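Notes follow the structure.
These numbers were taken from a predicted model, which means no experiment stands behind them. Every chain is numbered from 1, with letters handed out A, B, ... down the list of sequences.
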Amino acid sequence: MPELPEVETIKNDLNKLARGQLILRLEVRKPKLLKPSTKAVRWAIVGKVIKQIERRGKLLIFYLNGEHLLLMHLKMTGQIVWQPPRGRFLTGGHPIVGVSSVPNRFTHLTIYFKSGARLYFNDVRQFGYWQVIAKKELPKIYSKFGPEPFSLEFTRESFWQSLKKRGRTTIKAVLLDQKVVAGIGNIYADESLFLARVRPSKRVSTLSKNNAGDIYKAIKVILARAIKARGTSFNSYVDGQGRKGTYWEKRLVYGRRGEKCKRCRNIILKTLVAGRGTHYCARCQK
DNA sequence: CACTTGACCTGTCCGC
DNA sequence: TGCGGACAGGTCAAGT
């Protein structure tokens, strides 16, 4: 899905919409998308109030009063839809083609709030999940992520050091590794490498420190630009409110196979790198 | 150990 | 129009 800019947008929206809301009921249509699967999980969150929503990489963390937290991961096609007590829908995540109302056949989990508001979780491919954990378990979850790209721990030097720890693999595979820097996915990996003029298939061992510096800078520029655009939305999906990320129109290379490079007018190519569809300009990315 | 591949799912698109 | 195969914004376990 949803990569860092999309999840960041959802987090910001939900902090305005869902904070202070009291959870009345949890409806589980697809039990396997809720972890753990025991019924005790429902009791852990029913009657609780949403205090704050945070993001770590592509993971959403709902802080509740009491001992537990609710985590949500949207994976490839997860979508969150907020329905106010009255009024129109607001959505975030992967747009679902041809489905403009909720709940629908892809709605697998729903939270009902005392106010009458609802929070729906839709997911076509069912890779996404919700997970209830004890608050003390959070450090263990967080330790699986590398630095946040806009944190003080993520520096030009720390990035260079983590590149030096890698061997023959490609720079694209490294950018997709959440332990190197959290939140980059397939779109923004291609976008960042285009801006840095580095070919995605380039072996990290062959990168200069200047290359690394350019990539470091590009990651921040691209992610900031995408957050400002409220993320990327594919296709023509329009929800009740019609709010849609506009980065798709601003993208530099992703999904532009066969089009002219915005820098040199050469034709953009698409290949497979790190097992993912990868877009680049063979003339200006070396 | 570092790295790559396959699996998890359903839908869409493209070529024959 | 139908059908098969490739592919889709992520991550993990299993394989090399």
Side-chain angles (χ1 to χ4, degrees), chain A residues 1-10 29-33 35 55-60 71-80 91-99 104-109 121-131 140-141 143-146 162-193 200-205 222-223 226-227 229-237 244-258 270-279:
Chain A
M1 133 115 229
E3 306 181 30
L4 185 149
E6 292 76 28
V7 180
E8 177 73 11
T9 301
I10 294 167
R29 286 201 207 167
K30 239 355 144 188
K32 68 167 186 172
L33 301 191
K35 305 190 292 186
R55 177 193 60 72
R56 183 79 171 91
K58 301 164 194 169
L59 185 68
L60 284 168
L71 311 180
M72 298 186 188
H73 202 303
L74 305 180
K75 291 287 185 84
M76 298 282 264
T77 52
Q79 181 187 50
I80 286 172
T91 79
H94 191 290
I96 295 172
V97 180
V99 177
N104 54 56
R105 68 192 160 109
F106 305 115
T107 304
H108 307 310
L109 300 167
F121 178 61
N122 306 327
D123 193 346
V124 170
R125 291 174 74 179
Q126 303 171 30
F127 292 168
Y129 62 86
W130 288 8
Q131 182 176 17
K140 201 167 72 187
I141 305 269
S143 69
K144 291 189 238 172
F145 294 93
S162 51
L163 291 190
K164 283 210 295 189
K165 286 183 196 137
R166 297 308 204 91
R168 302 163 300 288
T169 196
T170 61
I171 181 59
K172 169 131 180 187
V174 172
L175 292 191
L176 293 174
D177 183 346
Q178 303 297 297
K179 287 225 72 160
V180 172
V181 51
I184 299 176
N186 205 36
I187 293 178
Y188 300 113
D190 283 7
E191 294 290 288
S192 300
L193 290 170
S201 58
K202 190 164 174 63
R203 306 276 147 182
V204 285
S205 56
I222 291 292
L223 291 179
I227 290 168
R230 296 179 55 83
T232 299
S233 304
F234 282 9
N235 67 49
S236 58
Y237 172 81
K244 219 170 107 164
T246 58
Y247 188 81
W248 182 251
E249 291 89 65
K250 301 174 173 36
R251 84 209 126 99
L252 301 171
V253 275
Y254 187 89
R256 293 204 186 276
R257 168 164 58 175
K270 184 179 181 189
T271 57
L272 211 61
V273 177
R276 314 295 302 277
T278 298
H279 312 75

Query raised in the report: For the side chain of A:Glu3, counting heavy atoms from C-beta on, which of B:dG11, B:dT4, C:dG10 is nearest?
Result: C:dG10

Report task. Side-chain contact test, heavy atoms from C-beta onward, threshold under 4.5 Å: evaluate it for A:Lys75 versus A:Tyr129 and give yes or no. Result -> yes

Query raised in the report: Looking at side-chain heavy atoms only, is the closest gap between A:Arg256 and A:Arg251 below 4.5 Å?
Result: yes

**Report entry** d(NZ, A:Lys35; C1', C:dT11) in whole Å
**Finding:** 10 Å

Query raised in the report: Is A:Gln178 near enough to C:dG10 that one of its side-chain N or O atoms lies under 4.0 angstrom from OP1 or OP2?
Result: no

Query - Pairing partner of C:dC3 (Watson-Crick or G-U wobble, both distances under 3.5 Å) - result: B:dG15

Query raised in the report: To the nearest angstrom, how far is A:Leu59 atom CG from C:dC12 atom P?
Result: 10 Å

Query - Heavy-atom pair with the smallest gap, counting every atom of A:Glu3 and A:Tyr188 - result: OE1-CD1, 2.8 Å

Query raised in the report: Taking CG from A:Asn122 and P from B:dG11, how many angstroms apart are they, rounded to a whole number?
Result: 13 Å

**Report entry** N or O in side chain of A:Lys58 less than 4.0 angstrom from C:dG9 OP1/OP2
**Finding:** no

Requested in this report: Using whole Å, report how far CG of A:Leu163 lies from P of B:dA2.
Outcome: 15 Å

Report summary line: Picking from B:dT4, C:dG10, C:dG9, the nucleotide nearest the side-chain atoms of A:Glu6 would be C:dG9

Query - A:Lys75 side-chain N/O to C:dT11 phosphate OP1/OP2 under 4.0 Å - result: no

Could you list the donor-acceptor pairs under 3.5 angstrom formed between side-chain atoms of residues 172-181 of chain A and any protein atom two or more places apart in sequence or on another chain?
residue: A:Lys172; atom: NZ; partner: A:Asn186; partner atom: OD1; Å: 2.5
residue: A:Lys172; atom: NZ; partner: A:Asp190; partner atom: OD1; Å: 2.6
residue: A:Lys172; atom: NZ; partner: A:Gly277; partner atom: O; Å: 3.4
residue: A:Lys172; atom: NZ; partner: A:Thr278; partner atom: OG1; Å: 3.0
residue: A:Asp177; atom: OD1; partner: A:Lys179; partner atom: N; Å: 2.9
residue: A:Asp177; atom: OD2; partner: A:Arg166; partner atom: NH2; Å: 2.1
residue: A:Gln178; atom: OE1; partner: A:Gly183; partner atom: N; Å: 2.8
residue: A:Gln178; atom: NE2; partner: A:Leu176; partner atom: O; Å: 3.1
residue: A:Gln178; atom: NE2; partner: A:Ile184; partner atom: O; Å: 2.9
residue: A:Lys179; atom: NZ; partner: A:Ser143; partner atom: O; Å: 3.4

Query raised in the report: Which comes earlier along DNA chain C counting from the 5' end, the contact point of A:Arg125 or that of A:Tyr129, where each point is its nearest nucleotide?
Result: A:Arg125

**Report entry** Spatial distance of atom OG1 (A:Thr77) from atom CZ (A:Phe106) [nearest 0.5 Å]
**Finding:** 9.0 Å

Query raised in the report: If we require ring centres under 5.5 Å and near-parallel planes under 30°, does A:Phe127 stack on B:dC8?
Result: yes

Report task. Kindly indicate whether the side chain of A:Glu191, heavy atoms from C-beta on, has any atom under 4.5 Å from the side chain of A:Val253. Result -> yes

Query raised in the report: So, is A:Arg105 close to the B:dG11 phosphate, meaning a side-chain N or O under 4.0 Å from OP1 or OP2?
Result: yes

Query - Spacing of A:Met76 atom CE relative to C:dT11 atom P, expressed in whole Å - result: 10 Å

Query - Between C:dC3 and B:dC9 - P atom distance, rounded Å - result: 25 Å

Requested in this report: Quick one: look up who C:dT11 pairs with, Watson-Crick or G-U, both distances under 3.5 Å, and put none if it's unpaired.
Outcome: B:dA7

**Report entry** Inter-nucleotide P distance (C:dA8, B:dT5), Å rounded
**Finding:** 15 Å

Query - A:Arg168 CZ - C:dT16 P separation (whole Å) - result: 17 Å

Report task. Kindly point out which of B:dT4, C:dG9, B:dC9 is positioned nearest to the side chain of A:Lys32? Result -> B:dC9

Requested in this report: Check A:Ala274 against A:Thr170 and note the closest heavy-atom contact, atom names and distance.
Outcome: CB-OG1, 4.4 Å

Query raised in the report: Taking all atoms of both residues into account, what is the closest heavy-atom pair of A:Leu4 and A:Ala182, and its distance?
Result: CD1-O, 3.5 Å

Requested in this report: Kindly say if A:Arg166 contacts the phosphate of B:dC3, meaning a side-chain N or O under 4.0 Å from OP1 or OP2.
Outcome: yes

Requested in this report: Take atom CG of A:Leu74 and atom P of B:dC8, then tell me their distance rounded to the nearest Å.
Outcome: 22 Å

**Report entry** Short side-chain N/O contact from A:His73 to OP1 or OP2 of C:dT11, under 4.0 Å
**Finding:** yes

Report task. Scan residues 270-279 of chain A against DNA chain C and write down, sorted by residue number, each residue with any heavy atom closer than 4.0 Å; if none is found, say none. Result -> A:Lys270, A:Arg276, A:Gly277

Report summary line: Of C:dG9, B:dT4, B:dT10, the nucleotide closest to the side chain of A:Tyr254 is C:dG9

Query raised in the report: What is the distance, rounded to the nearest whole Å, between atom CZ of A:Arg56 and atom C1' of C:dG10?
Result: 17 Å

Report task. Please check the phosphate of C:dA8 (OP1 and OP2 only) for any side-chain N or O of A:Thr77 closer than 4.0 Å. Result -> no

Query raised in the report: In whole Å, what separates the C1' atom of B:dG6 from that of C:dA6?
Result: 16 Å

**Report entry** C:dC12 versus B:dG11 - spacing of their P atoms, nearest Å
**Finding:** 25 Å

Query raised in the report: Step by step, would you call A:Phe121 with A:His108 a ring-ring contact (aromatic ring centres under 6.0 Å, His included)?
Result: CA-CA 6 Å; A:Phe121 178 61; A:His108 307 310; 7.0 Å; no

Query raised in the report: Looking for any heavy atom pair under 4.0 Å, which part of the strands does A:Lys144 touch: base, sugar-phosphate only, or nothing?
Result: nothing

